[in-house]
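Following: one structure in structure tokens, then a few remarks.
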Amino acid sequence: MSIQVNNISKEFKIFKREAGLKGAVKSFFNRKYEIFHALKSISLDINEGEIIGILGENGAGKTTLIKAMVGLLHPTSGSIFIDGFSPWERKNNFLKTVSIVMGQKNQLWWDIPASESFLLNQKIYQIPEKQFKSTLDEMLDLLDVRDKVNVQVRRLSLGERMKMEIISALLHRPKIVFLDEPTIGLDVTSQSRIREFITKHNEQYGTTFLLTSHYMNDIQALCKRVFIIHKGEGLYDGDFETLVKKINPKRRLQFEFSSNLKSLNVEKLINKPNVSINDQCLTAELPDNEMMDFLNQLFELDTPASFSFEELPVEETMKSFFANPEKFISKL
Amino acid sequence: MRVAFSKYFMVMRMTWIQALEYKANTIVGIFAVISGVLIEYILWDRIYETRGVEIINGFSLNQLIVYIFFGIMVGQLKSSWVTSFEMIECIRSGGLNKYLIRPVSFFSYHFSLFIGYNSLFYFSYFAMIILFQLIFPGWAFQTPIQAVAFIIFLSMAVYLSYSIYFLMICCAFWFGEVRTLILAFNLSNRIFTGSIIPLEFFQESILNIIFLTPLPYLVNIPVNIALGNISSLEWPQLFINGLIWVVVMTFLGQILYKIGIRKYEGFGG
């Protein structure tokens, strides 16, 4: 089951008017429209069993791309094939092999327990009884919501509801799952539980996952490959770790001196940018090629009480990237 | 076919479960019929008394009230404006996504919802009709075949009404907000389908125009069949005419939906 996105573009006609009553009256007689290019010649190939992250700022075109791939939107030009199916033809055999979870839209019936919505999906997707029971049992345990399955959906917490949404979307064991912000607004425990679940599901069934998320921890934990969209254009398609290294090749060093700092000549070290000292501990953020020299200098000065390296938080790295993507484009 | 039926039956089953959570809604529905008939009784009683006549447009006061009793019930059973509002909102705000991504039809799913939500009305109105038959034997359903014909024409009215609403709902793909269209239709619908007064009360020229539309098949014809005002000899022709409207409306609805869905923008994340 492969996904081929060939040069798709999507344009929206957007109605614009001036603010206020005067603007409303004027626009009633003379409406002004603008063409908004949500996607510009996007191409993407995804292999079976991959977990790929679609990244981009708000309004970049991530959700539009997913909607086009799942057949909710007709692209203005280009083509998409999912295992030979054109999504917007919405053939039943295609719909049975894909699923989508949107963090801000729900499929479950609000006033009745999720178990009833699961039964409805069993009928809609014609899931055999045995498979339905075993899949449901397994997912309820993995997501730790067995005791909530017979509680009215509106009485569930946001995290529990999202877990139920995910179960509902995966009951028919789709081969491709689109997850649009699945952890939005969830606490760290629920986020982590959902990530573990996606990983296990992917390993067990070879399901392909396409994921959008503003939480870089989700992306880091789940996606080896990412596709970055910026203002409707594809900016990067490749390994996530490599991308992070390209954006910010630095690592953080924590070096704890064993001797009293007053007796050491650390002045020339702390004058460097990205180096600071707090009590007995020095912190430096440097690229790998400068790190060894710097570390040698530290060892010449003093024997460390302890020292460690750590990667810089991905969240911060990507934040700096999205603040000015053009700056990094040449590096990519 | 069996598979399709089972999934849409499941949708109906869900509405029953949900409806049982909101029992008051059904009680209000029954009260609406009784209070509607009472109000009309008081109004028409005064009209008959003031005019000093026993028959108006071929209806005695009792016949008129029985017509209104059935008219309000049939009108209520085929009215799908609540479902229509939900469907319009789906198109406006992106809620349609959840139907498009599953192997279900938006039209059939919501038709099942509509039938499901109205089911309690069907049962309670059925009980009211039985009660009516026991208290006033011979005022309606003079022969058992009339009851069968009434059920057939009522089913057609329910489906035809939903198909007409669906046509208007599809306009939301182009205009976004079309709830006013539904409200306007609802208003004219109550008058021109014969829900609050028999169509026989209209002038000949207006009546001729009304009979060129599907509106009489929604209330007037099923009610007149129940009350024995239409000879059984006319039923086959009326049935064929009604069926033609059903086919036309369904076809137009599907065409409009297929064109409209290409304009759908699936708003919201």
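Letters A, B, ... mirror the listed sequences (proteins, then strands); counts begin at 1. Only a predicted model underlies this, so the values are computations on that prediction, with no experimental measurement involved. As a basis for the values below, the full set of heavy atoms in this structure was taken, side chains included, without hydrogen atoms, waters or symmetry mates.
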Q: May I ask you to test the Gln107(A)-Ile101(B) pair for a side-chain heavy-atom distance under 4.5 Å?
A: yes

Q: Give, as side chain, backbone, both or neither, the part of Ser99(A) having an atom under 4.5 angstrom from any heavy atom of chain B.
A: neither

Q: Could you check if a side-chain atom of Thr15(B) sits within less than 4.5 angstrom of a side-chain atom of Trp109(A), using non-hydrogen atoms only?
A: yes

**Q.** Ser168(A) OG to Arg102(B) CZ distance, which is reported to the nearest 0.5 Å
**A.** 6.5 Å

Q) Quick one: NZ on Lys123(A) to CZ on Arg13(B), what's the gap to the nearest 0.5 Å? A) 9.5 Å

**Q.** Non-hydrogen side-chain atoms of Lys98(B) and Ile100(A) separated by less than 4.5 Å
**A.** no

Q: Heavy-atom distances under 4.5 Å only: say whether Asn121(A) touches chain B with side chain, backbone, both or neither.
A: side chain

Q) CZ/Arg90(A) to CG/Leu100(B) distance, rounded to the nearest 0.5 angstrom? A) 4.5 Å

Q) Would Val11(B) and Leu120(A) count as a side chain to side chain contact (heavy atoms under 4.5 Å, CB included) if you check the C-alpha gap in whole Å, the side-chain angles of each, and the deciding distance to 0.1 Å? A) CA-CA 7 Å; Val11(B) 175; Leu120(A) 176 62; 3.6 Å; yes

(Q) Using 0.5 Å steps for rounding, measure from the OH atom of Tyr99(B) to the CD1 atom of Ile124(A). (A) 9.5 Å

Q) Got a sec: does the NZ of Lys40(A) have more than 12 other heavy atoms crowding it under 6.0 Å? A) yes

Q: Determine the option with the most heavy-atom pairs under 4.5 angstrom with chain B, choosing from Leu72(A), Val70(A), Asn92(A).
A: Leu72(A)

Q: Counting only heavy atoms closer than 4.5 Å, note whether Phe9(B) contacts chain A via side chain, backbone, both or neither.
A: neither

Q: Identify which part of Ser105(B) has an atom lying under 4.5 Å from any heavy atom of chain A, answering side chain, backbone, both or neither.
A: neither

Q. Is it true that atom CZ of Phe123(B) has more than 12 heavy atoms of other residues, nucleotides or ligands lying nearer than 6.0 Å?
A. no

Q. Only one of Asp111(A), Leu119(A), Ile112(A) forms a side chain to side chain contact (heavy atoms under 4.5 Å, CB included) with Met14(B), so which one is it?
A. Ile112(A)

For residues 248-262 of chain B, please give each side-chain donor-acceptor pair under 3.5 Å, one per line with the distance, not counting sequence neighbours.
residue   : atom : partner   : partner atom : Å
Thr250(B) : OG1  : Tyr159(B) : OH           : 3.1
Thr250(B) : OG1  : Val246(B) : O            : 2.6
Arg262(B) : NH1  : His74(A)  : ND1          : 3.4

